[in-house]
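Working notes for the structure below.
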Amino acid sequence: MDYTIIQYPALPSAYSPQKPGRRIDMIVMHSTGGVKTGDLWTLSGRDRRHLVSIHYYITKIGEIYQLVQDKDVAWHAGVSFWQGENDVNRFSIGIELENLNNGRDPYPQPQIDAALWLVRNKVQQYKIPRSRLVRHAQVALPPGRKSDPRAFPWDSFIGQVYTDIQPGPPPPPAPPPPANTVLRTALIDAAYRRARHVYHPDWALHQFAFQQRVGPPLIPPFRFKAEGRDWVAEVYGVDAICSPVGAWTDIRRLSQLPDGELKNVLRSQTYQALGATYHSDWAFHQYADGNPIGVPVTETFRLTLGSGETYTAQIFSLETLITPYGQWDVIFPLSNLLDAPELEARDVELRDTLLTRQYQRIGAKYHPEWAMHQAANKLGLGAPLSHQEQIEMGVQDYVAQSYARDVAYSPVGDWGTVKLLNDLS
Ligand SMILES: [Zn+2]
């Protein structure tokens, strides 16, 4: 039986366009965990909270939809590794099956037949060896992150795919992923999740963020209009970045933008997205415009010490600004108090109050005796962005905490050792 492939194009913002001739030598099978209507909406990039896409989608009654062309890179496997290579989206075709992925939802025969027809075609077209037709659960990093397609009759499916056809030769055996690669991808993935965002190793903005070392993300991406175009912005601990929708290789940093509409709109929207309001005539904000102190993570607030002295302060991601109440021409950064060899009691109180406040902001507690919090102060990592979170890696687990400049992590049980994500290469 022959099938008609229904074209249902994904939005261009949800995949990476490639030139014809992209290397394709792998197929990754998934199940969606959903049903057709919502699946097509999400997989075509229309759900902006989850930027994902897929080449083919097969419904329970055996309809085949194509959302992304084979030559283009769909975003389906996320952080992944197979036979010595990272980021398998680059050279794979992704196929999603409509299935709740709960281990009980069945895959009806018409769906299996359609999948068999499609996969056999692709295996022959691209000479895909048997060891490179895989399930998402086999390639996702860290191991165990994905379970799909659960309960799919895999062995009999593969056997039928390769009945009477000549697959390509098996590739030479490849080494397992280096431990550093696995840990790094797990830390990045977790840092994006903590910001209610999803890491896409293929997405130009995320590659840029990693190369430019702008730190972990703070919030999900948002859209805005400026200079007659639509833009997507992402806010990281060190800087906000933006790119025109659909022109993903054109990426700008807020701190490097020339004065003008784009800078004004991106800056005010970034402040707003972080719960602050930009005032061009405020001394703190003028200071922030001229100094690399990142983005605001609080509004300005007042604080009063035990002695009755009152200050105004605002926490930026890389620095906290302080001014004695009402004396706007005297601005001093908190880092002056962290570096000072000896402090008066008043300054110690001010420093500890502000550090406590930084952790309170995210619902956590400042522990001056913890090696990780000491390292954050000493290395100038800036404001904490998240709680500590356990990263399970099987043999050795870690705890990680996002700071504005970098993600700090320690092996569980070895709390005195604090390392940084940026040093893991
Ligand atoms: Zn999947």
Side-chain angles (χ1 to χ4, degrees), residues 8 10-11 14-16 24-60 63-68 70 72-83 85-107 111-112 114-116 118-119 122-123 128 131-155 157-158 161 177 182 185-186 188-190 192-193 197-203 206:
Y8 190 95
L11 298 181
Y15 61 87
S16 309
I24 297 170
D25 59 6
M26 182 164 177
I27 292 175
V28 182
M29 305 278 298
H30 303 257
S31 62
T32 55
V35 295
K36 180 177 168 182
T37 326
D39 287 349
L40 284 172
W41 180 260
T42 305
L43 293 171
S44 60
R46 286 169 173 83
D47 177 354
R48 288 179 184 155
R49 288 165 305 162
H50 307 102
L51 266 183
V52 293
S53 53
I54 196 76
H55 293 98
Y56 297 95
Y57 175 70
I58 303 177
T59 65
K60 291 207 154 201
E63 302 158 307
I64 304 176
Y65 286 84
Q66 178 162 34
L67 293 88
V68 174
D70 289 5
D72 296 327
V73 172
W75 299 342
H76 55 95
V79 181
S80 51
F81 186 91
W82 192 247
Q83 293 183 336
E85 292 176 295
N86 270 315
D87 187 11
V88 306
N89 287 347
R90 289 179 293 137
F91 41 78
S92 66
I93 292 207
I95 300 174
E96 286 274 6
L97 302 168
E98 178 189 19
N99 186 279
L100 296 177
N101 199 46
N102 57 12
R104 299 185 304 278
D105 192 20
Y107 297 84
Q111 184 178 35
I112 293 177
L116 202 51
L118 179 67
V119 171
K122 295 299 164 192
V123 161
I128 292 169
S131 69
R132 294 179 70 80
L133 168 58
V134 299
R135 289 163 288 179
H136 191 191
Q138 293 172 263
V139 300
L141 283 184
R145 183 172 65 85
K146 290 287 177 180
S147 63
D148 62 311
R150 275 183 79 187
F152 186 68
W154 187 245
D155 291 337
F157 181 79
I158 286 223
V161 166
V182 180
T185 49
I188 297 175
D189 194 51
Y192 276 78
R193 274 191 285 101
H197 194 355
V198 181
Y199 174 57
H200 290 291
D202 323 296
W203 201 15
H206 293 178

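Counting starts at 1 for both ligands and their atoms, in listed order.
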| task | Kindly give the atom name of the N, O or S atom of His30 closest to the Zn ion (ligand 1). | result | ND1
| query | So which of the N, O or S atoms of His136 lies nearest the Zn ion (ligand 1)? | reply | ND1
| task | State the atom name: nearest N, O or S atom of Asp148 to the Zn ion (ligand 1). | result | OD2
| message | Just so I know, are the side chains of Tyr107 and Ser31 near enough to count as touching, which here means a heavy-atom distance under 4.5 Å? | response | yes
| query | Is the side chain of Gln66 donor-acceptor paired with the backbone N or O of Val68 at a distance under 3.5 Å, no angle test? | reply | yes
| query | Any donor and acceptor pair, going by atom type alone, linking the side chain of Arg135 with main-chain N or O of Phe152 inside 3.5 Å? | reply | no
| query | Tyr15 versus His55: any side-chain heavy-atom pair under 4.5 Å? | reply | no
